[in-house]
Protein chains: 2
Amino acid sequence: MQPEPPAPAPAPAPASAQSRPTLADVAAHAGVSASTASLAFSGAGPVSDATKQRVFDAAAELGYGGPDPRARSLRRGRSGIVGVVLEERVRAAFLDPVKIQMLDGITEGIAPLGAGLLLLTDTGEPGDNAVSIESAPVDAVVLIGCSPRLAESVDALRRRGIPAVAIEGATGDGIPEISIDNRQATRRGAEYLRELGHSRVALVTLPFDAARTRGALTPELERAGTAATTLERLAGAREVFPDAPAQVAGASSIEEGLEAGRAVLADPAARPTAIIAQSDLLAAGVILAAEEYGIAVPAELSVLGFDGIRVDGLQHDLTTLAQPSAAKGRAAGEAVVRLLAGEVPESVCFTSTLHVGDTTAAAPR
Amino acid sequence: MQPEPPAPAPAPAPASAQSRPTLADVAAHAGVSASTASLAFSGAGPVSDATKQRVFDAAAELGYGGPDPRARSLRRGRSGIVGVVLEERVRAAFLDPVKIQMLDGITEGIAPLGAGLLLLTDTGEPGDNAVSIESAPVDAVVLIGCSPRLAESVDALRRRGIPAVAIEGATGDGIPEISIDNRQATRRGAEYLRELGHSRVALVTLPFDAARTRGALTPELERAGTAATTLERLAGAREVFPDAPAQVAGASSIEEGLEAGRAVLADPAARPTAIIAQSDLLAAGVILAAEEYGIAVPAELSVLGFDGIRVDGLQHDLTTLAQPSAAKGRAAGEAVVRLLAGEVPESVCFTSTLHVGDTTAAAPR
DNA sequence: CGGCGTCTTCGAATCGATTCGGCCTAGAAT
DNA sequence: ATTCTAGGCCGAATCGATTCGAAGACGCCG
């Protein structure tokens with residue numbers, strides 16, 4: 001045996017490699033063709049165990065970390081990533097338990113895909129090299145509470161042939177939509193309050209527009225409103241209490257509910273006997289406001305929420321319209337799976353159920 | 001003018017296309033080379049406005065939705081995606097305000113990259129085609145509170161040459177780490193309590209292990225603990241109160257804090273005068289437990305938290321060790337940016353500040 | 001001992017875009 | 001009028017892996 005002085009590298013150290021080894025390098029090192037090495041890694045084709053082992057050994061020796069996902073996704077035409085488009089900044093979305101439950105449901109729904117979730121925000125400008133909704137390596141996207149502004153992005157998605165599913169957002173473009181019966185549910189809740197004898201009812205609503213204008217609801221704001229969910233729930237309440245005054249909150253949070261609640265309850269003379277809040281967090285805030293004023297809930301004031309989340313720390317069992325948030329997310333995820341399988345999932349409208357807790361009671365005489 | 005029966009498609013409709021048009025198709029349609037079309041889209045090279053316009057027109061006509069991000073990322077070697085590795089399931093992570101603030105900070109930190117955030121969970125098995133931490137098209141990853149189990153994943157990252165940053169998790173592998181002074185901060189808080197005259201102090205801690213074992217802290221559990229943060233904060237408290245009993249919560253939530261608080265405060269005889277909770281949510285739960293027992297906070301019981309978040313709905317200004325969560329996230333994001341720029345960012349250890357609210361007071365005589 | 005079937009392995013084309021060096025042409029300078 | 005300069009555009013190689021049809025080897029059966 002002769003020495004081999006020109007041998008580039010001994011073996012264990014990937015010293016010679018300027019850059020990372022590729023599948024081809026591994027194949028060469030293992031003495032097989034690139035195709036065989038590929039088969040070995042993907043586990044698909046028929047490869048003898050011996051060969052497979054040889055390939056893995058070579059990979060280990062070269063410090064090869066597996067096939068490059070970029071190349072793989074180019075060739076396969078799939079990236080294994082599902083985009084989630086939020087209309088707010090990440091922080092805002094994550095503060096809303098309903099959105100979180102939906103996100104969780106989505107992850108559950110797309111689990112069979114083994115796909116990752118890419119967070120995208122729908123904030124105009126696709127910067128220089130930014131990964132926006134228009135240029136993200138996603139196999140499909142879930143639009144959450146999408147605004148009208150999304151229209152062009154939706155268009156881009158269609159051009160790129162990326163299937164989409166919308167949650168709580170009418171895109172009306174052949175995109176399957178997952179929604180709930182906002183209007184009917186609220187009406188049912190309102191009817192329940194009427195049955196309890198309430199007639200002086202006030203509303204605390206979610207924002208109407210992107211500017212999150214706060215304060216008493218004005219006809220102008222109501223007309224200019226773009227938030228579909230807010231409008232639908234409002235309409236449902238108005239079907240029962242056409243003249244109920246409404247206070248608009250700036251977001252769905254206890255803090256905002258507290259503020260709105262203070263505004264509504266400030267004047268003892270004009271005090272309602274029941275408040276319909278458009279979310280549980282708002283309702284929780286309203287209850288705190290009532291406590292501040294020494295108003296007993298539900299004896300003196302009934303409070304109705306919406307969502308059916310467990311408000312961490314609230315000492316009441318909120319009467320609320322429980323919507324299946326996680327199920328919505330799961331349905332969206334499953335719709336994505338079907339879309340990617342070439343099927344055409346239908347839109348789904350979930351039903352909310354009235355959960356009677358201890359925050360509503362017969363109207364005080 | 002004659003009718004054109006055999007004409008495949010007029011122009012606007014991409015009817016003839018079996019599959020989606022590619023850049024090459026657009027280039028051909030515009031009468032330029034593929035390279036020129038590419039330059040036009042990327043906006044980089046010198047292309048006359050006229051040519052550029054011709055390319056865009058052709059694209060519009062063909063219904064071309066822009067360069068395929070998969071191919072682009074293969075060629076460019078970057079995907080524009082940053083992975084965030086959470087050790088829990090998505091839902092769990094999103095329920096923790098601290099994590100959310102960090103996520104938000106991360107998005108802020110990596111903003112100059114224009115990159116998207118890919119949510120990854122570190123749950124063992126990289127399923128068949130799953131996009132796991134081992135095979136995701138990410139340019140870099142942020143490890144959040146990573147457990148020892150992550151070791152092999154970290155190894156895979158190194159092999160694949162993917163830079164990583166760790167938040168609150170000792171990886172000790174040349175990975176820059178963003179952390180806070182858990183131990184010293186807790187010690188400072190404990191010292192403050194001692195100065196107030198407290199000596200009967202109990203602890204309510206975060207989980208020690210992945211199983212989230214609840215209950216009174218046993219020496220075995222303490223020894224087997226793998227959660228660095230929990231252990232550090234515990235050590236800090238023990239420096240001042242070596243014999244303080246500890247109750248372990250199953251997670252950082254008000255609910256868990258409430259339960260732990262009940263356990264600690266159940267026996268009137270063995271009641272402490274102060275409780276050091278390892279998170280604000282736990283502290284909030286403890287306060288609720290105190291209220292249940294009719295124990296006045298802070299007159300009869302002082303409660304110290306950790307994190308400095310605003311607990312939505314809590315009627316107290318919590319005395320707490322405020323950590324800069326968002327700043328931590330931002331620092332991690334910035335570290336990622338630097339890593340991708342080829343620099344070597346250093347580890348950063350943030351300092352928490354003692355915020356004195358209205359939940360601590362001198363120890364009752 | 002030869003034909004045939006099966007299990008492996010290999011070649012070569014392909015996915016879609018980017019990029020670098022070179023070539024061409026028009027305008028400017030002398 | 002000729003040469004120089006520079007802006008524009010094109011060709012061809014490349015990124016790294018996957019995939020399908022075909023070729024090779026081996027064992028079995030007649």
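Note that the structure is a prediction, hence the values are computed from the model and not measured. A, B, ... follow the sequence lines: proteins, then strands. Residue 1 opens every chain.
- Remark: P of C:dT18 and CZ of B:Arg78 are 12 Å apart, rounded to the nearest angstrom.
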Shorter than 3.5 Å, N or O on both sides, protein versus nucleotides 12-16 of chain D: list them out with atom names.
from: D:dT14; atom 1: O2; to: B:Arg75; atom 2: NH1; distance (Å): 2.7

List the steps, then state whether side-chain contact (heavy atoms from CB on, under 4.5 Å) holds for B:Val47 with B:Val32. CA-CA 11 Å; B:Val47 180; B:Val32 301; over 6 Å; no
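- Salt-bridge annotation for A:Asp155 and A:Arg159: present, with a side-chain N of the basic residue lying under 4.0 Å from a carboxylate O of the acidic one.
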Atom pairs under 3.5 Å: protein N/O with N/O of nucleotides 4-6 of chain C:
none

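- Judged purely by distance below 3.5 Å, without hydrogens or angles, the side chains of A:Ser38 and A:Ser35 never pair a donor atom with an acceptor atom.
- A rotation axis mapping the C1' atoms of four pairs onto the next four is fitted at both ends of the helix from C:dC1-D:dG30 to C:dT30-D:dA1 over five pairs, and the angle between these axes is 50° to 10 degrees.
- In summary, A:Asp57 and A:Lys52 do not engage in a salt bridge, as defined by a charged side-chain N under 4.0 Å from a carboxylate O.
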Encode nucleotides 22-27 of chain D as B, S and - characters from 5' to 3', where the letter depends on protein heavy atoms closer than 4.0 Å: B to the base, S only to sugar-phosphate, - to neither. ------
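- Each of B:Leu118, B:Val141, B:Ile110 was checked for a side-chain contact (heavy atoms from CB on, under 4.5 Å) with B:Val82, and the lone residue meeting it is B:Ile110.
- A:Arg160 has its side chain within reach of B:Pro69: a pair of non-hydrogen atoms, C-beta onward, lies under 4.5 Å apart.
- Here the P atom of nucleotide D:dT19 and the CZ atom of A:Phe41 are 15 Å apart, to the nearest Å.
- Heavy-atom distances under 4.0 Å link DNA chain D to B:Ser48, B:Thr51 of residues 48-58 of chain B, given in residue order.
- The shortest distance between the side-chain N/O atoms of A:Thr36 and the OP1/OP2 oxygens of C:dT9 is not below 4.0 Å.
- By the side-chain contact (heavy atoms from CB on, under 4.5 Å) test, B:Ala335 is found to be paired with B:Val165, B:Pro345, residues two or more places apart in sequence or in another chain being considered.
- Rounded to a whole Å, the CG atom of B:Leu39 is 9 Å from the P atom of C:dT18.
- Close placement of the B:Phe41 and B:Tyr64 rings is indicated, their centers lying within 6.0 Å of each other.
- Side-chain atoms of A:Arg338 never come within 3.5 Å of backbone atoms of A:Glu343 as a donor-acceptor pair (strictly under, hydrogens ignored).
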